[in-house]
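Quick note on labels: first sequence line is chain A, next is B, and so on, each numbered from 1. For clarity, every value in this text was computed on a predicted model and none was experimentally measured.
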Number of protein chains: 2
Amino acid sequence: MENSFGETIRKLREGNNLLLREVSAKLEIDASVLSKIENNNRIAKKELIKKFAKIYNVDYNKLLIIWLSDKIVNELKDENNIDEILKIAGQKIKYGKE
Amino acid sequence: MENSFGETIRKLREGNNLLLREVSAKLEIDASVLSKIENNNRIAKKELIKKFAKIYNVDYNKLLIIWLSDKIVNELKDENNIDEILKIAGQKIKYGKE
DNA sequence: TATATACTTGACAAATTTTGTCAAGTCAAA
DNA sequence: TTTGACTTGACAAAATTTGTCAAGTATATA
């Protein structure tokens, strides 16, 4: 099953035996922010994704997909008719409509 | 085929033979903002949807679905792997993960 | 028990984005 | 060539997001 962005990068950090403060230094953000991101209490800003991919040596696009799907979840999690909304969104994008 | 939120409310306004300034007065926004919304140059803020539904006497949920799908389109329109992202987002929501 | 280390949390400030206002513009009809 | 309907762009105001900092928890270890 797919993981959240936070879980994903936490596992990557642990797998690489790195400390929060080591990674946050490389990301140039405060360790508290990284903590929140890993715990899904904040959404990482998009430019951080490239840095994560580089630090953990993983595919940027895979991280991006996880991050984007999390953003969609955030936008829709309290709504109804999720499947219909996603279907319509997909169609609109496919047919170049907006 | 599904229409954009802007097209939708423009058609509704025209079908009701109302002027931009008449509707914008009811919405309590400047006519220029409504113009931009109808032309998809701005996204309406969510609270406006209720007002639109009331003014045009249409189902709130239908408008909401159109508006939300537009927001998703906006978020994904310049990305790749759209179908995968939408699929994953749907799964995450369904299984209560985020 | 005390000290250190890793991480978490919340309040606030700074930065960014969104939204509203206004003035000037286009365009078509009268 | 004036009027009415709408559009556009620049800017200000408001709201949201992001970063900073200080204090907190939890665990391990001397």
Side-chain angles (χ1 to χ4, degrees), chain A residues 3-53 55-56 63-64 66-79 98, chain B residues 3-53 55-56 63-64 66-79 98:
Chain A
N3 284 126
S4 69
F5 188 77
E7 289 173 89
T8 302
I9 58 170
R10 168 144 293 177
K11 282 178 186 158
L12 283 168
R13 181 169 64 81
E14 291 172 345
N16 283 275
N17 264 292
L18 294 166
L19 300 176
L20 262 187
R21 74 181 136 75
E22 295 174 315
V23 174
S24 64
K26 295 190 193 208
L27 294 169
E28 299 177 282
I29 60 175
D30 193 275
S32 72
V33 173
L34 179 55
S35 169
K36 286 164 190 166
I37 293 171
E38 289 190 352
N39 287 296
N40 294 313
N41 293 126
R42 280 218 189 164
I43 297 177
K45 48 189 277 192
K46 196 173 183 185
E47 65 175 58
L48 284 183
I49 305 176
K50 282 189 205 53
K51 295 183 177 179
F52 278 120
I55 291 168
Y56 298 133
L63 280 187
L64 181 62
I66 296 169
W67 181 83
L68 282 167
S69 57
D70 265 24
K71 287 197 91 192
I72 305 299
V73 171
N74 247 286
E75 204 141 11
L76 298 184
K77 61 173 182 278
D78 300 322
E79 306 291 345
E98 67 157 64
Chain B
N3 284 125
S4 70
F5 188 76
E7 290 173 88
T8 302
I9 58 169
R10 167 144 294 176
K11 282 176 187 160
L12 283 169
R13 181 169 64 79
E14 291 173 344
N16 284 274
N17 264 292
L18 293 166
L19 299 176
L20 262 187
R21 74 180 136 76
E22 295 174 315
V23 174
S24 64
K26 296 191 194 210
L27 294 168
E28 300 177 283
I29 60 174
D30 194 276
S32 72
V33 173
L34 179 54
S35 170
K36 285 165 189 165
I37 293 171
E38 289 191 352
N39 287 295
N40 295 314
N41 292 125
R42 279 217 189 164
I43 296 178
K45 47 189 277 195
K46 195 174 182 185
E47 64 175 57
L48 284 183
I49 304 177
K50 283 187 205 55
K51 294 183 177 180
F52 278 120
I55 291 168
Y56 298 133
L63 280 187
L64 182 62
I66 296 170
W67 179 84
L68 282 167
S69 58
D70 265 26
K71 287 198 90 191
I72 305 299
V73 171
N74 247 287
E75 204 141 9
L76 298 184
K77 61 171 183 278
D78 300 322
E79 305 291 347
E98 68 159 64

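- The heavy-atom pair separating Arg13(A) from Val23(A) by the smallest distance is CD-CG2, 3.6 Å.
- Legend: residues meeting side chain to side chain contact (heavy atoms under 4.5 Å, CB included) with Ser35(B), ordered by chain and number and at least two apart, are Leu20(B), Asn39(B).
- An OP1 or OP2 oxygen of dT7(D) is reached within less than 4.0 angstrom by a side-chain nitrogen or oxygen of Asn39(B).
- With rounding to the nearest 0.5 angstrom, the CD1 atom of Ile9(A) is 8.0 Å from the CG atom of Leu63(A).
- Residue Ile43(B) contributes atom CD1, which lies 7 Å from atom P of dT19(C) at whole-angstrom precision.
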Would you be so kind as to tabulate the donor-acceptor pairs closer than 3.5 Å made by side chains of residues 44-53 of chain B, with sequence neighbours excluded?
unit_1, atom_1, unit_2, atom_2, d
Lys46(B), NZ, Glu79(A), OE2, 2.7
Lys51(B), NZ, Leu27(B), O, 3.3
Lys51(B), NZ, Glu28(B), OE1, 3.4

From CA spacing to verdict: side chain to side chain contact (heavy atoms under 4.5 Å, CB included), Glu7(B), Arg10(B)
CA-CA 5 Å; Glu7(B) 290 173 88; Arg10(B) 167 144 294 176; 5.8 Å; no
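- In this structure, CG of Asn17(B) is placed 18 Å from P of dG4(D), rounded to the nearest angstrom.
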Mark up nucleotides 21-30 of chain D, 5' to 3', with B wherever a protein heavy atom is under 4.0 angstrom from a base atom, S wherever such an atom reaches only the sugar-phosphate, and - elsewhere.
B---------
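- Mapping Asn41(B) and Lys46(A) onto DNA chain D via the closest heavy atom, the residue that lands nearer the 5' end is Asn41(B).
- The side chain of Arg42(B) approaches dA10(D) more closely than any other nucleotide in the set dG19(D), dT8(D), dA10(D).
- Applying the salt bridge (Lys or Arg N to Asp or Glu O under 4.0 Å) rule to Glu22(A) yields no partners; only residues at least two apart in sequence or on another chain are considered.
- In DNA chain D, runs of at least 3 consecutive Watson-Crick or G-U pairs, each pair with both distances below 3.5 Å, span C:1-30 with D:1-30.
- Contact of the Asn40(A) side chain with the Asp70(A) side chain is registered, since non-hydrogen atoms from C-beta on lie closer than 4.5 Å.
- Of all heavy-atom pairs between Ile66(B) and Ser69(B), the closest is O-OG, 2.9 Å.
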Going 5' to 3' through nucleotides 25-30 of chain C, assign each nucleotide B (protein heavy atom under 4.0 Å from a base atom), S (under 4.0 Å only from sugar-phosphate atoms) or - (no protein heavy atom that close).
------
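- When the nucleotides dT8(D), dC7(C), dT9(C) are ranked by their closest atom to the side chain of Arg10(A), dC7(C) comes out on top.
- Taking 4.5 Å as the limit, some side-chain heavy atom of Leu18(A) sits within range of a side-chain heavy atom of Tyr56(A).
- Nearest heavy-atom pair across Asn3(A) and Lys11(A) is OD1-NZ, 3.4 Å.
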